[in-house]
Amino acid sequence: MSRNRFSAPRGTQDLLPAESPRWQALQARFAEICSARGYGEIRTPIFEETELFVRSSGETSEVVGKQMYTFEDRGGRSITLRPEGTAPALRAALEHRLIQPGLPLRMWYLVQNFRYERPQKGRLRQHHQFGAELVGSDSPLADAEVIALAWQFLSDLGLKGLTVRLNSIGRAATRSAFREKLLAHIAPWLADQTEENRARAEANPLRLFDSKDQEIAELMQDAPLILDVLEPESRVRQAALEAELDRLGVGWTLDPRIVRGLDYYTDTVFEIQSGALGAQSAVSGGGRYDGLVEEIGGPPTPSVGFGMGIERLLLILEAEGLVPSPPSGPIFLVCQAQDRAAAEALAGEIRGRGQTAILDLDGRSIKGQMKLADRLGARFSVILGEDESARGVVSIKRMADGSQTEAEPGSDEFWSIMES
RNA sequence: GCGGAUGUAGCUCAGGGGUUAGAGCGCCUGACUGUGACUCAGGAGGUCGCGGGUUCAAAUCCCGUCUUCCGCCCCA
């Protein structure tokens, strides 16, 4: 409680032992599904040279503008805690010559990201993401593969009520032409905005499409759409992607409001949204970033990827009642001091069979040990007592119903009870 | 960064100026000298988020601050 001298910093969370199995299960599942598609795990430093993120995300992006945890290290270098996963993964791939022409590179990761924001439910200053990147293909099949990967992972978890929101924001040149067009449309409105709103709108008017403000929503109602001015190539890609997603059984809807906040996206952008998250509706987001590798000093390399918020995913799982059943309880060995050695030996055998075995540490009475077994959620208490050892058996009590039998420790009968 | 709520026992919450601040659940001890969970009887645990102010008197009113939550911004 608040008497504590220290507490977790604002917008951060501790992961406690009771919760960690859920994370481990998700991570195992994600690793499995990625591995099955040929994606290998990559781990990169938690901080990078600040310039990497400025270059990749863009000066005008919200992330770079006001959300980065940036500091100067003792050597005078500007360092930034990773705000997103894509740029570091690509930096590493480039640095270690993993990017080769004609050879698609598939990577997945689990990262912590840091963004200085006002915390809300599902929005933290340190949050975790799964992500996958498919580097080196400009085929719409690559876009589809990545979206299908995210979608398959989520739907395999049993999640309902998710929608894939798809859009295309075209090539850079198309976008800057479109930007002018859009600015012209909103000019009258822009005139009487606050300094801050105006600066934000002018920096990236596309973002207005995503606004939840009633007035802006109305303003954007009859705004021109970038979908209508796409270059032929972009149009072809979009059509091919839509067809491929249909073939893969991914349910998607076209949503011109999906514009994304990072400057590196080109053509395909998408979010996967859930109604269970309130204002932070996106559980996953990504898209194509054909210019990014070049931007950070590599060869032109068309690529596509996504990130997925783990805390948000857990919130959705909880909201949909998909909380996994707790792992089966441990086996508690009840004994008195003179039988301790035998109990420890038996505990070793139980552990060797892959089960959890626990003994008392504090010299409790038999009763005290039984009580402890109960509080630890034990499935069985195995009692090594005077009577039993005289007869070469142990008592086995099933805690759920209180039934009790005897068996010779290590016998087939013993193990068949333990594993039931 | 802007606007609005919130904080009382380990947990969920009641109490909205007046002697020692409550409930349920949880926890501890005993009834039970080899048996938990059930039942019964006891018990421990709170500088009422923190700091300041008003008052004879503050958990209660005022100001500040921190946390969490909601909306905006933005995103995962």
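Nothing here was measured: the structure is a model prediction, and the numbers come from that model. Just so it is clear: chains get the letters A, B, ... in the order the sequence lines come, proteins before strands, and each one is counted from 1.
With a 4.5 Å cut-off on side-chain heavy atoms, A:Arg123 and A:Arg118 count as touching. Using a 4.5 Å heavy-atom cutoff, the side chains of A:Thr86 and A:Tyr289 are in contact. Side-chain contact between A:Arg312 and A:His127 is absent, with no heavy-atom pair separated by less than 4.5 Å. Taking 4.5 Å as the limit, every side-chain heavy atom of A:Gln355 sits out of range of all side-chain heavy atoms of A:Arg351. Using a 4.5 Å heavy-atom cutoff, the side chains of A:Ile331 and A:Met418 are in contact.
One C1' atom belongs to B:U68, the other to B:G53, and the distance between them is 26 Å to the nearest Å. Comparing B:U33 with B:A44, their C1' atoms sit 26 Å apart, to the nearest whole Å. Taking atom C1' in both B:G46 and B:C2, one finds a spacing of 36 Å when rounded to whole Å. Here, B:U60 and B:G16 have their C1' atoms 5 Å apart, quoted to the whole Å. Taking atom C1' on both B:U12 and B:U6, the two are 15 Å apart, rounded to the nearest angstrom. B:G26 sits 14 Å from B:C13 when the C1' atoms are compared, rounded to a whole Å. Here the separation of B:C32 from B:A41, taken at their C1' atoms, is 14 Å to the nearest Å.
Remark: B:G24 base-pairs with B:C11; criterion is Watson-Crick or G-U wobble with both hydrogen-bond distances under 3.5 Å. A 3.5 Å limit on both hydrogen-bonding distances identifies B:U29 as the Watson-Crick or G-U partner of B:A41. In this structure, B:G1 forms a base pair with B:C72, meeting either the Watson-Crick or the G-U wobble geometry with both donor-acceptor distances under 3.5 Å. Under the Watson-Crick or G-U wobble criterion, with both distances below 3.5 Å, B:A58 is left unpaired in every strand shown.
Remark: C1' of B:C2 and CZ of A:Arg198 are 17 Å apart, rounded to the nearest angstrom. Between A:Asp362 atom CG and B:C28 atom P there is a gap of 13 Å when expressed in whole angstrom units. The distance from atom CD of A:Gln67 to atom P of B:G1 is 12 Å, rounded to the nearest whole Å.
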What string of B, S and - do you get for nucleotides 29-38 of chain B, 5' to 3', if B is base contact, S is sugar-phosphate-only contact and - is no contact with any protein heavy atom under 4.0 Å? ---B-BBBS-
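Listed by chain and residue number, A:Phe30, A:Phe130 satisfy the ring-ring contact (aromatic ring centres under 6.0 Å, His included) test with A:Phe153 (two or more places apart in sequence, or in another chain). Partners of A:Phe71 by ring-ring contact (aromatic ring centres under 6.0 Å, His included), not counting sequence neighbours: none found. Legend: residues meeting side-chain hydrogen bond (donor to acceptor under 3.5 Å, both in side chains) with A:Ser403, ordered by chain and number and at least two apart, are A:Asp401. The ring-ring contact (aromatic ring centres under 6.0 Å, His included) search around A:Trp415 returns none, not counting sequence neighbours.
Taking the ring axis of A:Phe47 as reference, the NZ or CZ atom of A:Arg82 does not stay both within 45° of it and closer than 6.0 Å to the ring centre.
Nucleic acid contact for A:Leu124: base, since at least one base atom lies under 4.0 Å from a heavy atom of the residue. Residue A:Gly122 is in base contact, counting any heavy-atom pair closer than 4.0 Å across all strands shown.
Projected onto RNA chain B by closest heavy-atom contact, A:Arg312 and A:Gln13 fall at different nucleotides, the more 5' of which corresponds to A:Gln13.
Checked by distance alone, A:Glu117 brings a side-chain donor or acceptor within 3.5 Å of a matching partner on the base of B:A76. Interface remark: the A:Arg115 side chain does form a donor-acceptor pair with the B:A76 base, using a distance-only criterion of under 3.5 Å.
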Distances under 3.5 Å between protein N/O atoms and the N/O atoms of nucleotides 65-68 of chain B, please, pair by pair.
residue, atom, partner, partner atom, Å
B:U67, OP2, A:Arg10, NE, 3.4
B:U68, OP1, A:Gly11, N, 3.0
B:U68, OP2, A:Arg10, NE, 3.3

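One finds no side-chain N or O of A:Ser211 lying less than 4.0 angstrom from the OP1 or OP2 phosphate oxygen of B:C72.
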